[in-house]
Undergrad: 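Pasting in a structure now, in structure tokens, and then I'll have a few things to ask.
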Amino acid sequence: MSGSNTAFPLLTATAALPALGAIATAAVPAARRVAAKWLALLVSLATLVLAAIVLVRFEPGGDRYQLTESHSWIADFGVRYELGVDGIGVALVALTALLIPFVILAGWHDADPQETGSSRWRPTQGFFALILAVEAMVILSFEATDVFLFYIFFEAMLIPMYFLIGGFGDRAHEHGDAAAATQRSYAAVKFLLYNLVGGLIMLAAVIGLYVVAGNFSLEAIAEARAAGTLDMATSTERWLFLGFFFAFAVKAPLWPLHTWLPNAMGEATAPVAVLITAVVDKVGTFAMLRFCLQLFPEASKWATPVILVLALISIIYGALLAVGQRDIKRLVAYASISHFGFIILGIFAMTSQGQSGATLYMVNHGISTAALMLVAGFLISRRGSRLIADYGGVQKVAPVLAGTFLIGGLATLSLPGLAPFVSEFLVLVGTFSRYPVIGIIATFGIVLAALYTLVLYQRTMTGPVKAEVAEMPDLRVRELLVVAPLIALLIFLGVYPKPLTDIVNPAVQQTMSDVHKKDPKPEVEAAK
């Protein structure tokens, strides 16, 4: 593998720490629930420190994959324990490690017995242990450079997510209604089945790739392709690409494979909803860049027209359905479907601006969605309802809550000066330079985003104060500790995105080289 092997297995440690923390948290005695919370928070902060060290040690102008680790694992089947991060992977590892402490703080009371109405299976310990388990699996997915190793954690993360949605779902609006528990179970099962089907199809493609290539090493296969020593028929490459892409499109989620997301986000607690869309779903779009384009460059170009149309449908469809939502959390879910459409559009526009924008969008969308959804969760927990119509005049009784909600919403609509604007602008510029019609149509997604965001704010925060919200408290210290850093990051990366672009741009150029694509030259009319 390229890049220098480190004496200390830093990448392994970054994933192993939350995995061991999950085991330790689950083992805390039932009477020490508060200790379990603090243990989970400390483990997540220690993981953030390790991720920061990874980020600092990564050299943007160095080898493609750095901090690499390579060990024999299942030798008879050519499976190795291989890890390495490029600029895209290291940015998403940092994003994951950054968001988990905020998820834990925001969900501090979400699994308390008085909140859940149940004392089965030590729910507090289980809740935080599952969050740490998801963190470990997602980080390993971003680090794995062995295709089979990636597949294992790509699928394994479904198990803790299933229990987080079905076992620890949103109870703020239930009032003891048994039908709500049924809805949670339905959402969890739908999430699991959709992703399992995608994973099983991918498994068939992984096996097919091994039959053709004789190993699972991402770099070895890519090097063999570049050297012309890998004998892969065009039809075989296309079928294998479709197997991989289908699984990633389900996870992403891309229309029409998106229908599990509104159910899952609607029935999950707000922190778990952030975990779904800001962390777990990023594995799908990341894998499109790392595996689809690098392993199957010709098939990626062959499928590009159809994928661009699906991404465009996702942008407009998700935004239109967000406009018509009456449920706050489902509105954010459909908005995320629209945003993922922009990310996939940028990836398959096959331009450096588009792919840089898509990578930045993964990071910035994670931060902006976390800010908006977590503030929405604080709002919902106070009122006990997800319905937009049950609110009104909140800004008069809780101005800080309303202000942070507004900033999160403005970031969602990609207001200039906030981080998502840079991402969306690059995606649209990159798309327009190669596919002008698609770029123009995609721009309408921005208009619709402004509509659903501002209407949501108007209906919940402005107008006469409803009696049910008249005594609503403003954000508490713990909640401010969750929201304030996210808002600060949105502003900082919106004004000065250079630290992030410096990291991801070299990796994007290497991906462009993989698919043998160059940016189209601007057409300049000759001077008369």
Side-chain angles (χ1 to χ4, degrees), residues 96 99-100 103 106-107 110-111 116 126-127 130-131 133-135 137-138 141 154-174 177 179-199 246-285 314 317-318 321-322 325-341 343 362 365-366 369-370 372-374 376-377 380-381 386-387 412:
T96 303
L99 291 181
I100 297 301
V103 167
D110 285 358
T116 64
F127 180 75
L130 290 169
I131 291 174
V134 172
E135 179 181 22
M137 294 173 187
V138 169
S141 297
F154 180 82
E155 287 292 274
M157 71 180 70
L158 302 180
I159 299 171
M161 286 305 309
Y162 169 80
F163 287 109
L164 284 170
I165 298 168
F168 298 91
D170 189 0
R171 292 167 169 84
H173 64 291
E174 284 187 16
D177 187 0
T182 303
Q183 291 172 3
R184 287 198 310 274
S185 297
Y186 170 78
V189 170
K190 188 173 184 180
F191 162 82
L192 187 64
L193 289 179
Y194 266 66
N195 285 275
L196 276 179
V197 170
F246 183 86
F248 304 152
V250 172
K251 184 94 67 179
L254 178 68
W255 184 93
L257 306 171
H258 67 284
T259 59
W260 62 268
L261 183 66
N263 296 99
M265 288 185 65
E267 298 305 322
T269 62
V272 173
V274 169
L275 200 61
I276 294 169
T277 190
V279 177
V280 171
D281 287 355
K282 298 299 187 299
V283 178
T285 47
S314 288
Y317 170 87
L321 265 67
Q325 287 304 305
R326 296 180 297 174
D327 182 311
I328 296 173
K329 290 168 73 175
R330 289 178 71 91
L331 184 151
V332 178
Y334 280 109
S336 291
I337 291 170
S338 180
H339 296 149
F340 275 101
I343 294 171
M362 288 186 234
H365 172 264
T369 299
L372 180 61
M373 179 59 85
L374 291 178
I380 292 166
S381 67
R386 301 182 337 214
L387 297 179
T412 298

Undergrad: Taking Q325 for the side chain and L321 for the main chain, is one N or O donor matched with an acceptor at less than 3.5 Å?
TA: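 Pair found, side chain donor or acceptor close to backbone of L321.
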Undergrad: If you measure from NZ on K190 to CG on N195, what distance do you get to the nearest 0.5 Å?
TA: 12.0 Å
Undergrad: Mind checking the CG-CG spacing from D281 to L275? Nearest 0.5 Å is all I need.
TA: 9.5 Å
Undergrad: Taking the six-membered ring for Trp and the single ring otherwise, decide whether the centroids of F340 and H258 are under 6.0 Å apart.
TA: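 Centroid distance F340-H258: not below 6.0 Å, so no.
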Undergrad: Just to verify, what does F246 make a side chain to side chain contact (heavy atoms under 4.5 Å, CB included) with, not counting sequence neighbours?
TA: V197, I201, V250, L257
Undergrad: In Å and rounded to the nearest 0.5 Å, what is the CD1 to CE distance from I380 to M373?
TA: 7.0 Å
Undergrad: Test W260 against L192 for side-chain contact (heavy atoms from CB on, under 4.5 Å), laying out the working first.
TA: CA-CA 9 Å; W260 62 268; L192 187 64; over 6 Å; no
Undergrad: Return the set of residues passing side chain to side chain donor-acceptor pair (under 3.5 Å) with T277 (not counting sequence neighbours), or none when no residue passes.
TA: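 So T277 forms a side chain to side chain donor-acceptor pair (under 3.5 Å) with S336.
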Undergrad: Could you tell me if the side chain of K282 sits less than 4.5 Å from the side chain of T96, heavy atoms only?
TA: no
Undergrad: Could you pull out all residues at least two apart from S314 that satisfy side chain to side chain donor-acceptor pair (under 3.5 Å)?
TA: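 With sequence neighbours excluded, S314 shows a side chain to side chain donor-acceptor pair (under 3.5 Å) to no residue whatsoever.
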Undergrad: Considering non-hydrogen atoms only, spot the tightest contact between A370 and V274 and give its length.
TA: CB-CG1, 3.7 Å
Undergrad: Looking only at heavy atoms, what is the nearest atom pair of T285 and M362, with distance?
TA: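 Heavy atoms of T285 and M362 come nearest at OG1-SD, 3.3 Å.
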Undergrad: So, using side chain to side chain donor-acceptor pair (under 3.5 Å) as the criterion, who are the partners of Y194 when residues are at least two apart?
TA: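 Expected list: T259.
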Undergrad: Taking all non-hydrogen atoms of both residues into account, name the closest pair between I337 and G318 and its distance.
TA: CG2-CA, 4.3 Å
Undergrad: For side-chain contact (heavy atoms from CB on, under 4.5 Å), just list the numbers for V272 and M161, CA-CA rounded to whole Å, side-chain angles, deciding distance to a tenth of an Å, and then say yes or no.
TA: CA-CA 8 Å; V272 173; M161 286 305 309; 4.1 Å; yes
Undergrad: Taking only residues two or more places apart in sequence, or in another chain, which ones meet D327 in a side chain to side chain contact (heavy atoms under 4.5 Å, CB included)?
TA: K329, R330, R386
Undergrad: A335 and A322: which non-hydrogen atoms are nearest, and at how many Å?
TA: N-CB, 4.0 Å
Undergrad: Do M157 and K251 make a side-chain contact, defined as non-hydrogen atoms from C-beta onward lying under 4.5 Å apart?
TA: yes
Undergrad: Rounded to the nearest 0.5 Å, how far apart are CZ of F163 and CZ of F127?
TA: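 Here the rounded value is 14.5 Å.
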Undergrad: If you take all heavy atoms of P262 and Y334, which pair is closest and at what distance?
TA: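 Closest approach of P262 to Y334: CG-CZ, 3.5 Å.
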Undergrad: Taking only residues two or more places apart in sequence or in another chain, which ones pass side chain to side chain contact (heavy atoms under 4.5 Å, CB included) with S338?
TA: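 In terms of side chain to side chain contact (heavy atoms under 4.5 Å, CB included), with neighbours along the sequence ignored, S338 is linked to I315, A319, F342.
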Undergrad: Nearest 0.5 Å please: distance from the OH atom of Y162 over to the CG atom of L196.
TA: 10.5 Å
Undergrad: Please round to the nearest 0.5 Å and tell me the distance separating atom CG of L372 and atom CD1 of I328.
TA: 9.5 Å
Undergrad: Identify the two heavy atoms, one from L99 and one from G366, that lie closest to each other, and give their separation to 0.1 Å.
TA: CD1-O, 3.9 Å
